[in-house]
**Student:** 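Dropping a structure here in structure tokens format, bear with me for questions.
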Amino acid sequence: MGETRIGCCNLCEAICGLVLTVEDNRVTRVQGNPDDPLSRGHLCPKGVALADIAADPERLVRPVRRHGSGADATWEELDWDEALDLVAARLAATINEHGRDAVATYLGNPSAHSPGMLTHGTAFLRALRTRSRFSASSVDQLPAQLVAHLMFGHQLLLPIPDLDRTSFLLVLGANPMASNGSLMTAPDLPNRLRALRARGGRLVVLDPRRTETAKVADEHHHVVPGSDGWAVLAMVRQLFLDGLVRAPDYVDGLDEVRRAVKPFTVEEAERRTGIPAETLVRLTHEMAEADGAVAYGRIGVSTHPWGTVTLWGVQLLNLLTGNLDRVGGAMFTSPAVDLIGTLAGPGSHGRWRSRVRGLPESAGELPAAALREEIETPGDGQVRALVTVAGNPVLSTPDGSALGRALDGLDFMVAIDLYLNETTRHADVVLPTTTALERDQFDLVLPAFAVHNTARFSPPVIEPHPDARHDWQVFAELARRLQPLLDDPVPDARWAALETQLSASPREALALLLDAGGSGVTLPQLLDQPSGIDLGPLRPDQLPDRLRTPGHRVDAAPGLVLDDLDRMLATSAAPPPGQLLLIGRRHQRDNNSWMHNYPRLVRGRPRHRLLMHPDDLAERGLVDGTAVDVASAVGTVTVEVEASDDMMPGVVCLPHGYGHAAHGSPLTTASALPGVSVNDLTDPARLDVSGNAAFTGLPVTVTASVRDAAGAQGARETPGPPSLSHAANAAG
Ligand SMILES: Nc1nc2c(c(=O)[nH]1)N[C@H]1C(S)=C(S)[C@@H](COP(=O)(O)OP(=O)(O)OC[C@H]3O[C@@H](n4cnc5c(=O)[nH]c(N)nc54)[C@H](O)[C@@H]3O)O[C@H]1N2
Ligand SMILES: Nc1nc2c(c(=O)[nH]1)N[C@H]1C(S)=C(S)[C@@H](COP(=O)(O)OP(=O)(O)OC[C@H]3O[C@@H](n4cnc5c(=O)[nH]c(N)nc54)[C@H](O)[C@@H]3O)O[C@H]1N2
Ligand code: SF4
Ligand SMILES: [Mo]
């Protein structure tokens, strides 16, 4: 029964190919596509739930406008023209009265997975011309982008593990068995890791929790959260000491690196990280001597007080062991569409500063952790209107509760989103868009991070709802309606260029980008081969040509990073007395803060609990399964605790993206789900030098709950806005 269509999943970076069964314009079956050259039939439970997104009766298809607020809010449906005119008029009024920076934007994670966002959303942002730009990048991968910008000359020149050919993979702060890989597009991770070990390769994991990935590794070491920089820099130092440095001749700054890592001895690293000194020495030698080795660090070392330093150290390990740009090492991809030199700029840091805290922009954006204060602090340039796109910063950025309160003080907020969520429920107007299965779907970004070069285009699998619009149509309409209302419109020549960009559909834009990419792949070929085109394994020996630095040289010793070493050296090794260090986690069936309203994904064992080592429970007289109060400098939440000997003693763990009930989610299934928002505890003052939020290693206390267990579902209202006085020694 039904018709078979080839499509793809856009929910995570693995970009799996799908075979879908469609009956009466409904997806009735989702399977992995065995003919996809990258995903080879892989599918995870979230991919199956793609069908639920398109069919969900609680998903918005028409614009809605809020009347009243908080629990009393009601939502009125608007027709598209009325809604778009209203939004353009309110944004124009704010800009005309208060200036362009008075409109802030926040782009959430799924915007990277929508072609229309990348082709048309970017044009809309350019039409707004605001410096108050925020996104999920600064609660995610900003340090990796900054390191690539500084060392290799472009924020997207990210070295990718050559997973299918490496013989030594060192993983820091990533759990690809649950996340399916990130800045390493690698669907079918379990089989790829099995193949690594079958060919005699080794997998070594450093993580404060014995994760699903650690459990399939050859070696796992617990590491004190936030301390990884000591481990990697001690390994770099060891390479120099033991004469193992094999850097290519296009590298500058090796002497500075050698001097800078002097204080990072393996003995001190042992004190800081908990990893024995002799283990660090051995791992250094194993990596240097392997036939193709690569170190890879992700969220656990990116949302980290020293994310930039640590990821710099990770790239130094690859570079100095001769593994950059080498088969089996850390390699650059050759995607059909090259974003470098087309849609993406080279990156930047510190070209301007945030108004309130003076934080430097990075990659043209300000830290998401600074959005609340920019809304609440009066004065010139105060943010008075907000545009969110596919995001949920109330659950996903530090001290989200305080941000939620600040949103109610805005003059105007519009959200471009599929749902009323914990953030968009504060909006005045929500403009919904079609979902991935209803639009042309192709990846502009993720093939640039993939472990194998492929290209793929998927036409719509089902017809969109007749009242729904594509995101690119919404962006184009908003930009066109805004322009004539501005006292100071976009100058003619620039507007003409934007109008050209807005009037091509994403499909047409793709054809042009493919031409510019020079890979030889054309749109007709992609349409002809819906399972995707195999462009071969990652190619070695692209350096130094591929580098975007002046003179095509790697800068091994960027000043910004070296300066931050002093901040790291100045911290004490002793953990705060009586406190535990909080880390996060992901589960295969969670997807950041959304998809909790699909019953098939939330079934089963509870996943929201605080994980704690049994010794830490015993020491506090706490009992497995009971409610505990978890308190940080920012707030307190009450949640059930679960004993887990996977945890490093002294470390506790909560997932992000929960706390729907306490944050007023109107969605039936999600709001009935237990759990709290970890970002009611995280601290906007803790930042990496890039401006990225430092979620990990947050000091907390855990005590038996003073509230009854029934209260264990809610976040407690946190008293007043937190003090930002410790911002100066942020991330301490
Ligand atoms: N403490 C802690 N906090 C974290 C993290 C952590 O590890 N620990 N991780 C961080 C990371 S890595 C990320 S990426 C962020 C994610 O945080 P955000 O990007 O702020 O939010 P998401 O949870 O991804 O919410 C996505 C929203 O986009 C909507 N959406 C989905 N698809 C589409 C679409 O096609 N079009 C439109 N217009 N909307 C769509 C969904 O309905 C949902 O409301 O969270 C961060 N927050
Ligand atoms: N199922 C699922 N898949 C996802 C997502 C999802 O929400 N659900 N989100 C997607 C997104 S937006 C992203 S960015 C990626 C993230 O992809 P990953 O980085 O693989 O994500 P996590 O599973 O959060 O893994 C982070 C690991 O870091 C560890 N960690 C925490 N602090 C430290 C530390 O200080 N040092 C070290 N060494 N380790 C530490 C944690 O214990 C955890 O195991 O996943 C993507 N894939
Ligand atoms: S691994 Fe990611 S891309 Fe693949 S099916 Fe699951 S959610 Fe979709
Ligand atoms: Mo992310």
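These values consider heavy atoms only, across backbone and side chains, with no hydrogens, waters or symmetry-generated copies. In each ligand, atom 1 is the first atom listed, and ligand 1 is the first ligand listed.
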**Student:** Could you tell me the residue and atom name of the protein heavy atom closest to atom 4 (Fe) of ligand 3, and the distance to it rounded to 0.1 Å?
**Tutor:**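 Answer, as residue, atom name and distance: C16 SG, 2.3 Å.
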
**Student:** For atom 17 (O) of ligand 1, which candidate among G391, S137, S396 holds the nearest heavy atom?
**Tutor:**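 Nearest option to atom 17 (O) of ligand 1, by heavy atoms: S396.
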
**Student:** Report whether any nitrogen, oxygen or sulfur of C12 sits less than 2.8 Å from atom 2 (Fe) of ligand 3 (N, O or S, backbone or side chain).
**Tutor:**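 An N, O or S atom of C12 is closer than 2.8 Å to atom 2 (Fe) of ligand 3, so yes.
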
**Student:** Which residue supplies the protein heavy atom nearest to atom 39 (N) of ligand 1, what is that atom called, and how far is it?
**Tutor:**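 For atom 39 (N) of ligand 1, the nearest protein heavy atom is A390 CB, 3.3 Å.
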
**Student:** Please list, in number order, the atoms of ligand 3 under 4.0 Å from a heavy atom of N180.
**Tutor:**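 Taking each heavy atom of N180 in turn, ligand 3 has 1 (S) under 4.0 Å.
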
**Student:** Looking at OG1 of T388 and CD1 of I416, how far apart are the two atoms once the value is rounded to the nearest 0.5 Å?
**Tutor:**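 Taking OG1 in T388 and CD1 in I416, the distance rounds to 7.5 Å.
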
**Student:** With atom 7 (S) of ligand 3 as the reference point, say which of H42, E13, K46 has the nearest heavy atom.
**Tutor:**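 Looking at heavy atoms only, the winner is K46.
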
**Student:** Tell me: protein heavy atom nearest atom 9 (N) of ligand 1, and distance?
**Tutor:**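 Protein heavy atom at minimum distance: R586 NH2, 3.2 Å.
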
**Student:** Measure from atom 5 (S) of ligand 3 to every heavy atom in A49, G181, C44, G17 and give the option owning the shortest one.
**Tutor:**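 Among A49, G181, C44, G17, the closest heavy atom to atom 5 (S) of ligand 3 belongs to C44.
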
**Student:** I need the contact type for T423 against ligand 1. Using non-hydrogen atoms and a strict under-4.0 Å cut-off, is it side chain, backbone, both or neither?
**Tutor:**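 Looking at T423 and ligand 1, no heavy atom falls under 4.0 Å.
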
**Student:** Does C9 bring an N, O or S atom to within less than 2.8 Å of atom 8 (Fe) of ligand 3?
**Tutor:**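 Given the 2.8 Å cut-off, C9 counts as a ligand of atom 8 (Fe) of ligand 3.
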
**Student:** Just jot down the ligand 3 atoms closer than 4.0 angstrom to any heavy atom of L11, in number order.
**Tutor:**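 This gives 7 (S) as the contact atoms.
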
**Student:** For ligand 3, which atoms sit closer than 4.0 Å to a heavy atom of I15?
**Tutor:**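 Listed by number with element, the hits are 3 (S).
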
**Student:** Please state which part of R439 comes within less than 4.0 Å of ligand 1, counting heavy atoms only: side chain, backbone, both or neither.
**Tutor:**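 Within the 4.0 Å criterion, R439 contacts ligand 1 through side-chain atoms alone.
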
